[in-house]
Q: 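Have a look at this one before I ask anything.
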There are 2 protein chains.
Amino acid sequence: MATLNRPGASDGHVCGIDAAMEVIGGKWKVLILWALHEQPHRRFGELRRLVPGITEKVLASHLRELEADGIVDRVSYDEVPPRVEYTLTKDGIRLNDALGPLAAWGRERAGDAGS
Amino acid sequence: MATLNRPGASDGHVCGIDAAMEVIGGKWKVLILWALHEQPHRRFGELRRLVPGITEKVLASHLRELEADGIVDRVSYDEVPPRVEYTLTKDGIRLNDALGPLAAWGRERAGDAGS
DNA sequence: CTGTTCGCTCACCTCAGGGTAACCACCCAC
DNA sequence: GTGGGTGGTTACCCTGAGGTGAGCGAACAG
């Protein structure tokens, strides 16, 4: 509905999708989201193992961005050795929900040739 | 469940989302998709105008990638001046459908502060 | 004859996101 | 004391997606 060619869109986005794309635009973001979706309350090291190939730096920075975007919640326990847990916020859960159909589409076309 | 930590995923993807992300990963892909969704059968120049800020080179390459991925259909009429029309394929339409919830999520959090 | 439209293509350059790797403070097991 | 585990941080480098600008070949307006 003409969301695209409406010049007065709020904050530079022409439709909701690129607002979402800004959040999940990182290379590993969706994988982190997915890992967190399957098993909430993961720790840093667990996440690193769950997302094979990611480096600590990138995992940390992505986690920070997701936290800043209100997608994940970071809880650090003041123990020793230091323990930090990451969870999805309500917004993050809804984001993952919204990602569901997209995942289904991708899986469908990966399995089926997509005729 | 456990799609993530399953090492034997088909072609390098751990879940359907990153398969989808490969398709819509370009900076302007979703905008093109969205423009095509709102009004099918757009021409190159129209698309360029509909997606403000994109350059010809990038539009052309993104269009080519989308075509290679079976998302858009390219029909070139052998007239003069040359005319080319782009349409969404059935797969593209379903992709846009799958993008719907994501767009809703983005719009919701753009408008609402996300409490 | 010049300029413009149309749908690109080519060569070049920039820049930010991501990769590499070392390091930190702390504690426990050996 | 040494090594390993915790959860990071910092510095540097590097690749590739994307931006810039020009041109092309035909027709048509002026």
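Just so it is clear: chains get the letters A, B, ... in the order the sequence lines come, proteins before strands, and each one is counted from 1.
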Q: Is the closest side-chain heavy-atom distance between Arg74(A) and Leu63(A) below 4.5 Å?
A: no

Q: I need the minimum non-hydrogen distance between Asp73(B) and Thr89(B), along with the two atoms involved.
A: N-CG2, 3.9 Å

Q: Would you say Leu95(B) and Arg109(A) make side-chain contact, with heavy atoms under 4.5 Å?
A: no

Q: Expressed in angstrom and rounded to an integer, what is the separation of Glu85(A) atom CD from dT6(D) atom C1'?
A: 14 Å

Q: For dG8(D), take OP1 and OP2 only and decide whether either is under 4.0 Å from a side-chain N or O of Arg74(A).
A: yes

Q: Reckon Arg42(B) touches a base, only the sugar-phosphate, or nothing at all at heavy-atom distances under 4.0 Å?
A: nothing

Q: Starting from the 5' end of DNA chain C, give me the residue, Trp28(A) or Pro81(A), whose nearest nucleotide shows up first.
A: Trp28(A)

Q: Any salt bridge linking Arg94(B) with Asp91(B)? Criterion: basic side-chain nitrogen under 4.0 Å from a carboxylate oxygen.
A: yes

Q: I'd like the 5' and 3' limits of the part of DNA chain C contacted by chain A, with heavy-atom contacts below 4.0 Å.
A: dG18(C) to dC27(C)

Q: Counting any heavy atom closer than 4.0 Å, what does Tyr77(B) reach on the DNA or RNA strands: base, sugar-phosphate only, or nothing?
A: nothing

Q: Are side-chain heavy atoms of Leu36(B) and Leu47(B) found at a separation under 4.5 Å?
A: yes

Q: Give the minimum heavy-atom separation between Cys15(A) and Trp34(B), together with the two atoms involved.
A: CB-NE1, 3.9 Å

Q: Please list, in numerical order, the residues of residues 53-71 of chain B that have a heavy atom closer than 4.0 Å to any atom of DNA chain C.
A: Glu56(B), Lys57(B), Arg64(B)

Q: DNA chain C: Pro82(B) or Gly25(A), which has the more 5' nearest nucleotide?
A: Pro82(B)

Q: To the nearest Å, give me how far apart CD (Glu46(A)) and C1' (dG8(D)) are.
A: 16 Å

Q: Using whole Å, report how far CG of Leu50(A) lies from P of dG7(D).
A: 13 Å

Q: Give the minimum heavy-atom separation between His62(A) and Trp28(A), together with the two atoms involved.
A: CE1-N, 3.4 Å

Q: Just wondering, do His37(A) and Leu88(A) contact through their side chains at under 4.5 Å, heavy atoms?
A: yes

Q: Any side-chain heavy atom of Ile24(B) within less than 4.5 Å of one from Met21(B)?
A: yes

